[in-house]
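Here is the structure we will look at.
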Amino acid sequence: MMAASPAERMRAARLRRGAQGKREVRMILPDARAEEVRSRIAESVARLDRSHEEDSLRWIEAASEFDGNETR
């Protein structure tokens, strides 16, 4: 029996996932290990308005109460 090529194995994996109602999604993200990216993140964080962040946290806490004691 001949081994399947990498392309054939990938196609079979996609078909299996598709049968499970899943699909592969690829994302290209900034590398948080890179110094340039870390610097941009630090600058962005430094510019955050604390009052907006507190508003967001209050909203998250209020919205989380809808879950009650349900398990996740």
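Basis for what follows: all heavy atoms, side chains included, without hydrogens, waters or symmetry-related copies.
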- Item | Approximate separation, where rounding is to 0.5 Å, of Leu57 CG and Arg50 CZ | 9.0 Å

- Lys/Arg N to Asp/Glu carboxylate O, Arg17 vs Glu24, below 4.0 Å: yes

- For atom CZ of Arg33, decide whether the heavy atoms of other residues, nucleotides or ligands shown that lie under 6.0 angstrom number more than 12. no

- Measure the CZ-CZ distance between Arg14 and Arg16 for me, rounded to the nearest 0.5 Å. 11.0 Å

- Message: Same cluster or not: Val45 versus Val37, using hydrophobic residues (I, L, V, M, F, W, Y) connected whenever any side-chain heavy atoms lie under 4.5 Å apart?
- Response: yes

- Step by step, work out the side-chain contact (heavy atoms from CB on, under 4.5 Å) result for Val25 and Arg23. CA-CA 6 Å; Val25 176; Arg23 70 181 176 101; 3.9 Å; yes

- Query: If you round to the nearest 0.5 Å, how far is CG of Asp49 from CG of Asp55?
  - Reply: 8.5 Å

- Message: For Ile28, I'd like to know if atom CD1 has over 12 heavy atoms of other residues, nucleotides or ligands within 6.0 Å.
- Response: no

- Determine, step by step, whether Glu35 and Ser39 satisfy the side-chain contact (heavy atoms from CB on, under 4.5 Å) criterion, reporting the C-alpha distance in whole Å, the side-chain angles of both residues, the deciding distance to 0.1 Å, and the verdict. CA-CA 6 Å; Glu35 188 57 40; Ser39 294; 3.7 Å; yes

- Identify whether Met10 and Leu15 are in the same connected component of the hydrophobic contact network (ILVMFWY, side-chain heavy atoms under 4.5 Å). no

- Message: On a heavy-atom basis, which atom in Ala4 and which in Arg9 lie closest, and how many Å separate them?
- Response: O-NH1, 2.6 Å

- For the side chain of Glu8 and the backbone of Ser5, is there at least one donor-acceptor N/O pair under 3.5 Å apart? yes

